[in-house]
Asks: 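Encoded as structure tokens, here's the structure I'll be asking about.
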Protein chains: 2
Amino acid sequence: MKTRGKLSRERIVQLALSLLDSAGTEGFSMRKLAAQLEVDPMAIYYHFANKSDLLHAVMQSMMENCEVPEPSGDWRADIRNLCHGLRRMAKKHPGTFCIYETYDQWLPAEHRLHEAFHSTLLQAGFSRKRAVRAVRVLLIYAEAFAVDEISGWLDPADQAELAESLRSGPYPTLSSLIEEIGTVDADSEFEFGLDVLISGLESGIRET
Amino acid sequence: MKTRGKLSRERIVQLALSLLDSAGTEGFSMRKLAAQLEVDPMAIYYHFANKSDLLHAVMQSMMENCEVPEPSGDWRADIRNLCHGLRRMAKKHPGTFCIYETYDQWLPAEHRLHEAFHSTLLQAGFSRKRAVRAVRVLLIYAEAFAVDEISGWLDPADQAELAESLRSGPYPTLSSLIEEIGTVDADSEFEFGLDVLISGLESGIRET
DNA sequence: ACCTGAACACCGTTCAAGT
DNA sequence: ACCTGAACACCGTTCAAGT
């Protein structure tokens, strides 16, 4: 009812989201989006101030749909679930997530997730300062892992390329590890990192 | 002696490196670089196939200058030093480092650093598989931390913006933590993450 | 061998105009 | 209120030409 025309903020955002995720950061442009909307490029500018204003709305839409599981009482399990939810969201919206990772302002929609992280750790007995620091480390890890995953840091074809690349100098250790470096199971890899972080965090809950 | 002209691969790379680091990813372009070199934009294309070929060389130059401290025998200290070296390099070359982070191919110049990481952990008694996984987690953390630092995730001015942004909904935990979230000392923050990771890693050296 | 210059297919965005 | 269309200042890059 707000719009009699063919366009609406909602329709633009939804199509932008899917175009960004399917075409990637490089393949996305205001002009291509307009073409998909079957509209003049400048029509979008009636609804959004500029490209980054639109991207802001797109990121908001992504974050609003992020699963934030309910707390179970076991902070270790809850933290894991929150990280998994974040990773699932990233894989569902690879293009948008990469934009989000280089975005330097607060997104209201991310507060819901951050609230859950922080309250989980405070409940678990973390001091305020330690909780904030722990969340920061966990988010850095989970998000950067997801970005690496999106950019394809696990294709088995890489193994040959690595071997080729290593011929540029004597790297005995790396050469002996080609198989291990090339063989990556993303799921268990992610789990491993969470194990390390959580066990590192539980050794000093009372500190600081 | 390879070039009689005003241009050379070396000169182009050095100026590209400093332009990229001072102007940032957005501010860098082939045309602006050519202007600084006082040369026609297309002159660069005689020395490099295209933009990403040039950026590859720029990243190589950055990584070649990365400090890779000698092993001391104490793997905990060595891992910390390697991570600090990486972070220092990132802060010295913010623009180039951000390009590097979204680059999806092997850079020969990064093998030196990775070799040091892996051999340190193997010496410390990590199994091959566990060493590879540990390095991956450590690099993800150190690099993503550096990127966050570069994009300015620690300015004290953010505190007011966060408070404003939190008014969009009820976020009791976050609201109570505004001060802690806004007050970040990057150095000790980085150290905290390393503490967590290393203590998490030492709890299971013999596993897997 | 090394650089120039015009040209092309893209961008995001301003601004005036149409309905 | 909502969209169009021409125009501008940018891109990266191809291709033919100059020295």
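A note on names: the letters A, B, ... follow the listed sequences, proteins ahead of strands, and every chain is numbered from 1.
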Asks: Using 4.0 Å as the upper bound for N to carboxylate O, is an ion pair formed by A/Arg80 and A/Asp195?
Replies: yes

Asks: Looking at A/Asp185 and B/Arg133, is any side-chain nitrogen of the basic one under 4.0 Å from a carboxylate oxygen of the acidic one?
Replies: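 No, this pair does not count.
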
Asks: Apply ring-ring contact (aromatic ring centres under 6.0 Å, His included) to A/His114 and list each qualifying residue two or more places apart in sequence or on a separate chain.
Replies: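 Listed in chain order: nothing, the list is empty.
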
Asks: Nearest whole Å is fine: how far is D/dG12 C1' from B/Leu55 CG?
Replies: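 Going from CG in B/Leu55 over to C1' in D/dG12 covers 12 Å.
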
Asks: Does any pair with a residue in residues 154-183 of chain A pass ring pair (Phe, Tyr, Trp, His ring centres under 6.0 Å), and if so which ones, sequence neighbours excluded?
Replies: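 Qualifying pairs, neighbours excluded: A/Tyr171-B/His111.
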
Asks: Are B/His47 and C/dC3 close enough that a side-chain N or O sits under 4.0 Å from OP1 or OP2?
Replies: yes

Asks: In whole angstrom, what separates B/Lys51's NZ from D/dG12's P?
Replies: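 Interatomic distance, NZ of B/Lys51 to P of D/dG12: 4 Å.
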
Asks: For A/Tyr46, which residues count as a ring-ring contact (aromatic ring centres under 6.0 Å, His included) partner, sequence neighbours excluded?
Replies: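 None.
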
Asks: Should stems be defined as at least three consecutive Watson-Crick or G-U pairs with both distances under 3.5 angstrom, which of them involve DNA chain C?
Replies: C:4-8 with D:12-16, C:12-16 with D:4-8

Asks: Under the side-chain contact (heavy atoms from CB on, under 4.5 Å) test, which residues partner A/Val147, sequence neighbours left out?
Replies: A/Phe97, A/Glu101, A/Ser151

Asks: Does anything in residues 129-152 of chain B form a ring pair (Phe, Tyr, Trp, His ring centres under 6.0 Å)? List the pairs, not counting sequence neighbours.
Replies: B/Tyr141-B/Phe145, B/Tyr141-B/Phe190, B/Phe145-B/Phe190

Asks: Find the distance A/Ile44:CD1 to D/dT4:P and express it as a whole number of Å.
Replies: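 Atom-to-atom, A/Ile44 to D/dT4, this comes out as 10 Å.
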
Asks: Just the rounded figure in Å: distance from C1' of C/dC11 to CG of A/Asn50.
Replies: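 About 14 Å, once rounded to whole Å.
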
Asks: My understanding is that only residues two or more places apart in sequence, or in another chain, count here; which of them pass salt bridge (charged side-chain N to carboxylate O under 4.0 Å, His left out) with B/Lys91?
Replies: B/Glu149

Asks: What residues form a side-chain contact (heavy atoms from CB on, under 4.5 Å) with B/Asp78, not counting sequence neighbours?
Replies: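 Partners of B/Asp78 by the side-chain contact (heavy atoms from CB on, under 4.5 Å) criterion, ordered by chain and then number, come out as B/Pro71, B/Ser72, B/Thr120.
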
Asks: Starting at OH of B/Tyr46 and ending at C1' of D/dT13, how long is that distance when rounded to a whole Å?
Replies: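 Those two atoms, OH and C1', are 18 Å apart.
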
Asks: B/Glu26 CD to D/dC10 C1': how many Å, rounded?
Replies: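 Distance, rounded to whole Å: 13 Å.
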
Asks: Run the side-chain contact (heavy atoms from CB on, under 4.5 Å) test against B/Gln123 and tell me which residues pass, sequence neighbours left out.
Replies: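 Per chain and number, B/Gln123 pairs via side-chain contact (heavy atoms from CB on, under 4.5 Å) with no residue.
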
Asks: Find which nucleotide of DNA chain D each of A/Ala43 and B/Ser52 is nearest to by heavy atoms, and output the residue with the more 5' nucleotide.
Replies: A/Ala43

Asks: Can you list, by residue number, the residues of residues 28-40 of chain A that have a non-hydrogen atom closer than 4.0 angstrom to DNA chain C?
Replies: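 By residue number: A/Ser29, A/Met30, A/Arg31, A/Lys32.
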
Asks: Heavy atoms under 4.0 Å is the rule here; annotate nucleotides 14-19 of chain D 5' to 3' with B where the base is hit, S where only the sugar-phosphate is, and - elsewhere.
Replies: BB----

Asks: Give every residue pair that meets the side chain to side chain donor-acceptor pair (under 3.5 Å) criterion with at least one member in residues 20-42 of chain A, sequence neighbours excluded.
Replies: A/Asp21-A/His93, A/Asp21-A/Thr96

